Amino acid sequence: NLSDRMQMALRRVRGKGRLTENDIEEMMKEVRLSLLEADVNFKVVKSFTKEVKEKALGEKILKGLNPGQQVVKIVNDELTKLMGEKTALLELNLTGITKIMMVGLQGAGKTTTAGKLANLVRKTNNLKPLLVALDIYRPAAIEQLKTIGQQLDIDVFELGIFVKPSVIIAKAMVYAEQNGHNLIIADTAGRLHIDEKMMQELVEVKEILKPHEILLTVDSMTGQDAVTVASSFNEQLSVTGAILTKLDGDTRGGAALSLRQVTQIPIKYMGMGEKLDQLEVFHPERMASRILG
Amino acid sequence: IDSNSKFDDDFFDELEEIFIMADIGVNTVVKFVAHLRSEIELNKTESSDDVKDLIVEEMFKLYVKDEIVSSNLDILDDRLNIVLFVGVNGVGKTTTIGKIAYEYLNKGKKVMMVAGDTFRAGAIEQLKIWSERVKCSFYSKEEGSDPSSVIYDAIQLAKETSVDLLLIDTAGRLQNKINLMKELEKVNKVIGREVPEAPHETLLVIDATTGQNGLVQAKVFNEVTDITGVVLSKLDGTAKGGIALGIKDELNIPIKYVGLGEKIEDLEPFDIEEYIYGLFA
Ligand SMILES: Nc1nc2c(ncn2[C@@H]2O[C@H](COP(=O)(O)OP(=O)(O)OP(=O)(O)O)[C@@H](O)[C@H]2O)c(=O)[nH]1
Ligand SMILES: Nc1nc2c(ncn2[C@@H]2O[C@H](COP(=O)(O)OP(=O)(O)OP(=O)(O)O)[C@@H](O)[C@H]2O)c(=O)[nH]1
Ligand SMILES: [Mg+2]
Ligand SMILES: [Mg+2]
């Protein structure tokens with residue numbers, strides 16, 4: 001882990017007094033390697049280690065007092081600060097219907113997370129959720145969402161696979177109004193940020209739904225591409241939050257830092273398993289220490 | 001690389017950046033770029049065209065390692081062939097089965113799909129729809145059945161109905177879930193008992209957007225099954241799937257196919273030269 005690597009780098013540091021710029025640079029090499037292995041984006045690693053180096057130099061660390069630990073602490077603090085120092089909350093509409101739209105690449109975990117989120121928000125905020133099936137492409141996507149709805153005893157609105165998503169969402173909003181639903185969570189089909197036609201479909205759904213939250217679902221094992229994907233979704237839709245899934249795996253999750261650093265999108269939740277109660281509020285310090293390994 | 005570039009530190013830094021951003025993995029990249037650099041200095045390579053050729057040649061060598069690497073599947077006439085699909089959640093296993101069924105039906109093979117994912121909502125129905133799209137036979141039991149029993153029954157039926165190719169879908173599972181890896185180990189044993197030498201292929205589906213964890217996935221899945229190839233899915237996105245090169249480098253598992261979209265024809269046999277050029281596109 002990073003502490004061990006710092007110790008190794010420090011074996012090359014000689015003499016007394018303050019750590020020199022060269023000593024710090026040796027340690028930054030270890031930080032860079034560790035972050036790249038954790039899947040943090042190459043350019044983010046560059047700018048992050050630059051910041052950390054300046055901080056470390058500014059703190060005038062003495063060689064005698066376990067400098068490795070002090071630098072690790074600076075890295076950890078800077079990382080936690082970047083992840084967002086306090087937990088980011090969901091934007092709830094306290095006077096009407098809260099509307100949420102789930103977006104992201106294929107297979108990221110949107111459908112499962114839509115169910116988890118409806119379940120969590122219903123409990124913590126005592127709302128009556130409506131799940132809306134807007135994926136008319138993937139085989140059995142609607143069945144998947146309906147099954148999830150049944151397992152949670154949450155209503156699912158769907159109009160089958162031959163009606164356009166923009167029409168489905170419009171009718172869903174009317175249905176929600178008429179049936180006392182004060183929370184709408186729209187599940188959309190997975191799509192590539194470079195698929196113009198499919199991204200345009202999301203823009204149209206957004207224009208009709210006018211969601212309070214557009215949540216980008218990101219697989220926590222995503223590598224260098226996380227920045228490209230998040231930036232593109234953000235540019236085209238103005239994403240309001242992210243959900244990192246499959247954090248019950250053993251990936252270090254550096255995509256979280258890249259996402260945050262480049263787009264400033266706050267990470268709001270973490271998917272911690274396949275069951276519908278396995279969604280937790282995002283903890284920045286836990287993510288920071290996980291990325292550092 | 002333009003025709004005026006000098007091969008200095010900046011050039012090699014930039015090359016490292018391209019390879020790291022392709023998710024190839026720091027250790028493989030550093031090793032490779034250092035080797036490239038010494039080759040260029042040794043041969044006193046001058047022109048940018050020569051350097052381009054050298055890069056392609058060296059990446060090719062890194063992948064091939066002096067062996068014949070084929071992207072063909074071990075599917076023979078006159079026997080029941082079994083292909084097992086494994087991988088973590090959401091990577092494209094079920095969709096890839098649809099694509100491979102389509103390919104082999106067009107080659108005149110009798111194909112059967114097995115719904116080995118008895119757990120996830122809508123999983124059985126999803127595979128059933130694929131079997132209807134390609135028009136091949138399909139076997140499943142009720143949701144919640146033991147996957148090994150579904151697969152056992154499917155193999156008996158496949159033998160009775162002279163199926164040429166049995167494609168087995170499994171539930172997505174993260175490699176650190178010990179009980180799920182044990183379940184997969186049991187599935188593998190059942191297949192091997194019922195058909196000698198089976199599964200003839202065990203394909204690990206890897207999402208092209210996956211970072212360094214892809215290598216861990218390959219290592220652990222290879223402990224409970226004999227992974228014969230990787231399907232690199234979603235290569236139609238912007239990710240380069242470089243971790244598959246890392247998997248070949250460290251475990252010598254070849255890439256058999258690349259997934260290039262969500263439709264039935266969006267699958268191609270892997271071509272290392274095409275892939276290398278794609279890194280610079
Ligand atoms: N272990 C684990 N699996 C998850 C988590 N979230 C989702 N999954 C699994 O990931 C796979 C994909 O989930 P889906 O909900 O179908 O993903 P999706 O984004 O809706 O997929 P598309 O609609 O095809 O784009 C399924 O096997 C889920 O059970 C998580 O937090 N942990
Ligand atoms: N763009 C693109 N999407 C793909 C590709 N392969 C699969 N997908 C999509 O990825 C999503 C997940 O595919 P599945 O086949 O359900 O993945 P899986 O591995 O079976 O998922 P689980 O069974 O939940 O673990 C679906 O939306 C597919 O359409 C590909 O090559 N390109
Ligand atoms: Mg979905
Ligand atoms: Mg599947």
Side-chain angles (χ1 to χ4, degrees), chain A residues 32-34 36-43 45-46 105-112 115 137-151 189-195 218-229 232 245-246 248-255 273-274 276, chain B residues 16-27 29-30 88-95 98 119-130 132-133 143 171-177 180 207-214 216-217 220 233-234 236-243 259 261-262:
Chain A
R32 261 197 287 280
L33 256 151
S34 174
L36 284 175
E37 285 176 3
D39 289 324
V40 179
N41 185 269
F42 188 88
K43 300 198 167 83
V45 171
K46 259 193 177 161
L105 294 180
Q106 292 90 343
K110 298 174 292 302
T111 304
T112 309
Y137 311 98
R138 168 173 155 156
I142 296 179
E143 280 82 345
Q144 183 186 8
L145 191 64
K146 279 171 72 176
T147 300
I148 288 172
Q150 282 161 13
Q151 289 171 354
R191 70 203 63 217
L192 297 177
H193 46 298
I194 52 173
D195 186 333
V218 178
D219 191 323
S220 59
M221 63 187 85
T222 307
Q224 297 290 313
D225 202 45
V227 165
T228 311
V229 174
S232 182
T245 60
K246 310 175 200 171
D248 47 320
D250 56 20
T251 192
R252 301 235 325 249
E274 288 193 79
L276 298 171
Chain B
E16 260 192 24
E17 182 169 336
I18 291 176
F19 292 139
I20 289 179
M21 305 263 321
D23 287 313
I24 292 178
V26 192
N27 296 329
V29 171
V30 167
V88 302
N89 306 70
V91 294
K93 300 176 290 302
T94 306
T95 307
F119 166 76
R120 205 208 69 211
I124 295 172
E125 186 61 21
Q126 183 185 5
L127 190 65
K128 181 155 183 282
I129 292 176
W130 277 110
E132 290 164 359
R133 282 183 181 181
E143 201 171 295
R173 67 203 68 221
L174 298 181
Q175 69 277 13
N176 55 317
K177 306 278 167 111
L180 295 180
D207 187 323
T209 65
T210 307
Q212 299 307 298
N213 195 253
V216 183
Q217 291 171 22
V220 179
S233 66
K234 310 181 198 172
D236 47 316
T238 49
K240 304 290 187 182
I243 198 62
E262 301 185 75

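Only a predicted model underlies this, so the values are computations on that prediction, with no experimental measurement involved. The figures that follow rest on heavy atoms only: side chains count, while hydrogens, waters and symmetry mates do not.
- A donor atom on one side chain and an acceptor atom on the other are found under 3.5 Å apart for B:Glu262 and A:Gln106.
- The part of A:Thr228 that comes within reach of chain B is its side chain, from C-beta onward, which places non-hydrogen atoms under 4.5 angstrom from that chain.
- Using a 4.5 Å cut-off between heavy atoms, B:Val88 touches chain A through its side chain atoms alone.
- In terms of heavy-atom pairs under 4.5 angstrom with chain B, the leader among A:Glu143, A:Lys146, A:Arg138, A:Gln151 is A:Arg138.
- At a cut-off of 3.5 Å, with distance as the only test, no side-chain donor of A:Asp39 or B:Asn213 sits close to an acceptor on the other residue.
- For the pair B:Gln212 and A:Met221, the minimum side-chain heavy-atom distance is 4.5 Å or more.
- To the nearest 0.5 Å, atoms CG (B:Asn176) and CG (A:Asp248) are separated by 7.0 Å.
- Only the side chain of A:Asn41 comes within contact range of chain B, with heavy atoms under 4.5 Å apart.
- Comparing B:Asp207, B:Leu174, B:Val216 by heavy-atom pairs within less than 4.5 Å of chain A, the highest count is held by B:Leu174.
- Separation of atoms CD (A:Gln224) and CD1 (B:Ile18) is listed at 13.0 Å; rounding is to 0.5 Å.
- Interface residue A:Glu37: backbone and side-chain heavy atoms are both found under 4.5 Å from chain B.
- Closest of all the heavy-atom pairs between A:Tyr137 and B:Arg133 is O-NH2, 3.9 Å.
- With a 4.5 angstrom heavy-atom cutoff, B:Lys240 does not touch chain A via any of its atoms.
- Within the 4.5 Å cutoff, the side chain of B:Glu16 has no heavy atoms near those of the A:Phe42 side chain.
- If you measure heavy-atom distances from B:Asp236 to chain A, the contacts under 4.5 Å come from both the backbone and the side chain.
- Between the side chains of B:Thr209 and A:Asp225, no donor-acceptor pair is found at a separation under 3.5 Å.
- Listed here is the closest heavy atom pair of A:Gly223 and B:Asp23: CA-OD1, 3.5 Å.
- Among the candidates A:Leu33, A:Leu36, A:Leu105, A:Thr147, the residue making the largest number of heavy-atom pairs closer than 4.5 Å to chain B is A:Leu36.
- Listed here is the closest heavy atom pair of B:Gly122 and A:Ala140: O-CB, 3.9 Å.
- Between A:Lys246 and B:Asn89, the shortest heavy-atom contact is NZ-O, 2.9 Å.
- Note on A:Pro139, A:Gly115, A:Gly107, A:Ala141: by heavy-atom pairs under 4.5 Å with chain B, the leading option is A:Pro139.
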